[in-house]
Amino acid sequence: MCRLTINGKELHVADNSTILQAAASVGISIPTLCYLEGLTPMGACRVCLVEIEGAPTLSASCSTPVREGMVVQTNSKRVREARKTVVELLLSEHDGDCQLCERSDDCELRQLADELGIRSNRYEGAKPFSTVDNSSVALVRNNGKCIKCRRCVQVCSDIQHVGVLSAQYRGYHTTIGPAFTNTLDSVACVQCGQCAAVCPVGAIVETNHIEPVLAALDNPKTHVVVQTAPAIRAALGECFGLPPGTLVTGKMVSALRELGFDAVFDTDFTADLTIMEEGTELLTRLRNKFVLGQPGRLPQFTSCSPGWINYAEHYFPDTLDKISTCKSPQQMFGALAKTYYAQKAGIDPANMVVVSVMPCTAKKFEAARPEMRSSGFQDVDYVLTTRELGDLIKMGGIDFNALPEGTMDAPLGISTGAADIFANTGGVMEAALRTVHAVTTGRSLGTEDLHIAPLAGLEGIKTASVVLTGTVDAWSFLEGKEVKVAVAHGLGNAATLIDHIRSNPDEFQFVEIMTCPGGCIGGGGQPRFTTDEVRKARIAAIYKEDEGRELRQSHENPAVQALYKEFLGKPLGEKSHHLLHTDYAAKPRVNTP
Amino acid sequence: MAQVATTEQYSSAPPVHTLDLKDVIPVIDDIIERYRSTRGALIPVLQSAQNLLGHLPKDLLVHISNKLDIPYSEVAGVVTFYSFFTTTPRGVHTVRVCLGTACYVRGGKEVLEAISKELGIEVGQTTDDRQFSLEIGRCFGACGLAPVVMVDDTVHQRVKPSRIKNLLEPYRADQGEEAEHGDR
Ligand code: SF4
Ligand code: SF4
Ligand code: SF4
Ligand code: FES
């Protein structure tokens, strides 16, 4: 332990703390623009400056470790003036217009300028040549607003191990972006949006789908269907001032009705369906291995996270044949909405618009993939992020917190608790094992609350195993077999796990990969700012939603059962193959112009 | 693609007085193998590549990025950070105009302007026919003879803006041979 004084308060903190962490522990907040929790401080922005007694210059508190007996001032005149200078200099080069900016209500630079009381600027800087790069399907980058804090660089390289953003050129000419002045589509960006989630300003944002959604809602001839991903209900409330982890499922449904959607459905429905298809696929691959002695295609990797699919296509082509061929729940939904539901409801799919609300920016990319048109139309037309739905609700003048609790429409709104947990790391695996266990043994998983404890939590890579005993006749070849599974979230962890699997190919049978840290609840389209504390709160809410349900295993979903009976036939059947499955292709890392 | 106004133009014509890219790749691969295990392999590899080719073609940067498993954006970040590296092919002849103090006060700047006008390129650029690259220098140690222009290894002294055309003439493509011996 280390004793120090901050603003006259004496405190004791762990020896390896930074001044920033020490101050936070006693409720003294120091502004930061480049610092990111859990990563090596870069010391790039200098707004976290503090005064240390005896030191000739001010120090960046994010990267300065505490020392025994240190006396620190975080709010002296000298500190305030230095911070003000730093922010004024940033503003002098900043080419933005707050009233017109996507980030006006949560921009850290705007807030900081306000907190520092900056009402005029002593510096008249030359504005950099401002460019808007909208070459990417999911993201728009605006270099004029970039303050070069490099958070995006750190997230893209250190968390996601993608590394398509880097500082280019030097000095005043420094820009943050892909190689040289290339556009984002020239490199293998996986579209995860983690850069947009951490950017303090409006320099990286999602591609706007609010306008076309409003147009569809305003058009009386279209039937507009909406699906909401499991992770939205645990985060949307944050857009309306509710604490992270507030479940707003019912209010969300009511808001969507008020906005004029003709049917309010749930991606949970196709999450349950995914378990049926993907679980059957896994059992088939296991049968091929154990009964027919065929090698390969194991471990089976999950396929619901589109950023991971992009990552595998560009960076790990040797895993492609092992990834489940199941489309993601979003795409299964789109394909079924424009076929099964359209037939049932007597609607011409040509007049139907399918909107999804996703915690994810990569879902915008996925919806636009040429493979995703098996209904004969683009299966999912528009994808709103959680943040965009929040904006849409505000535009509609809806008092969100006063809304009644609505319920989803049938049939595509009916789901089980197993679908809810698709939202968090370990959840898809747990949901799959619940059903795989029940199908092969005729009994539910015997665990407490149906959870698989080692798969919960924010550990980067998690493993678990389930031994199948008392199997029913059809699956007796699995009798006594241990099914070993692994889970990774954040693509850096995924890369580590895949490396391990390359040298231990027989260790695991099933592997869940989610692109974003924490899983979808930590997606690139979620309300800002997602810290580990926020992730934990959202995950707790999701488990609560699951535990509160009557049905908690996907195969029990009556609407999914009816779907098979009325329309699909059986899992992995002919129709499923056509509507619910896809394939993948290796792609280059750089598209040279 | 490309909604950005500043997307760099990259001419795909081969470099002139240097090796062909495909001949260089095996050599580069050898160098990569040698440095692979060391931290900071990228810079020495880039240096060797530029020494061989005179510049760093972007296709080669992509190749190096893949081989070293360092993201292309990061490779480009390093290349654009150090002014030593260039992705523009060099001309057959490098014209360096001294702007050291002595040359500057005795008309070096006017000489530079005249050369720039004559060749139609700015400092750091190469003519379209890949014949000349233009650079500035800081004192060649020939201050008594200022202003000084160096073309390749040859020093031209007391250069007058009005004489630039004549000075460059022997180096033009069709005069290749003579260019080897300038007036010393
Ligand atoms: S990025 Fe922030 S400061 Fe800049 S225009 Fe947008 S809201 Fe204003
Ligand atoms: S979307 Fe993801 S992969 Fe693409 S630049 Fe941002 S962080 Fe990197
Ligand atoms: S784009 Fe955003 S996160 Fe990246 S350096 Fe610029 S301001 Fe920082
Ligand atoms: S937050 Fe400390 S230097 Fe940026």
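Order of the sequence lines sets the chain letters (A, B, ...), proteins ahead of strands, with each chain counted from 1.
Partners of Arg103(A) under the salt bridge (Lys or Arg N to Asp or Glu O under 4.0 Å) rule, at least two apart in sequence or in another chain, are Asp106(A).
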Which atom pairs, one a donor and one an acceptor, fall under 3.5 Å between side chains of residues 495-504 of chain A and the rest of the protein, sequence neighbours left out?
residue   : atom : partner   : partner atom : Å
Thr496(A) : OG1  : Gly492(A) : O            : 3.0
Asp499(A) : OD1  : Arg502(A) : NH1          : 3.3
His500(A) : NE2  : Glu507(A) : OE1          : 2.7
Arg502(A) : NE   : Asp318(A) : OD2          : 2.8
Arg502(A) : NH2  : Asp318(A) : OD1          : 2.9
Arg502(A) : NH2  : Asp318(A) : OD2          : 3.3
Ser503(A) : OG   : Asp499(A) : O            : 3.3
Ser503(A) : OG   : His500(A) : O            : 3.3
Asn504(A) : ND2  : His500(A) : O            : 2.8

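Among Val153(A), Val164(A), Leu165(A), the residue making the largest number of heavy-atom pairs under 4.5 Å with chain B is Val164(A).
Neither the backbone nor the side chain of Leu184(A) has a heavy atom closer than 4.5 Å to any heavy atom of chain B. Contacts between Leu61(B) and chain A at a heavy-atom distance below 4.5 Å involve the side chain alone, from C-beta outward.
Closest of all the heavy-atom pairs between Phe180(A) and Gln168(A) is N-OE1, 3.1 Å. Looking at every heavy atom in both residues, Lys364(A) comes nearest to Thr385(A) through CE-CG2, 4.0 Å.
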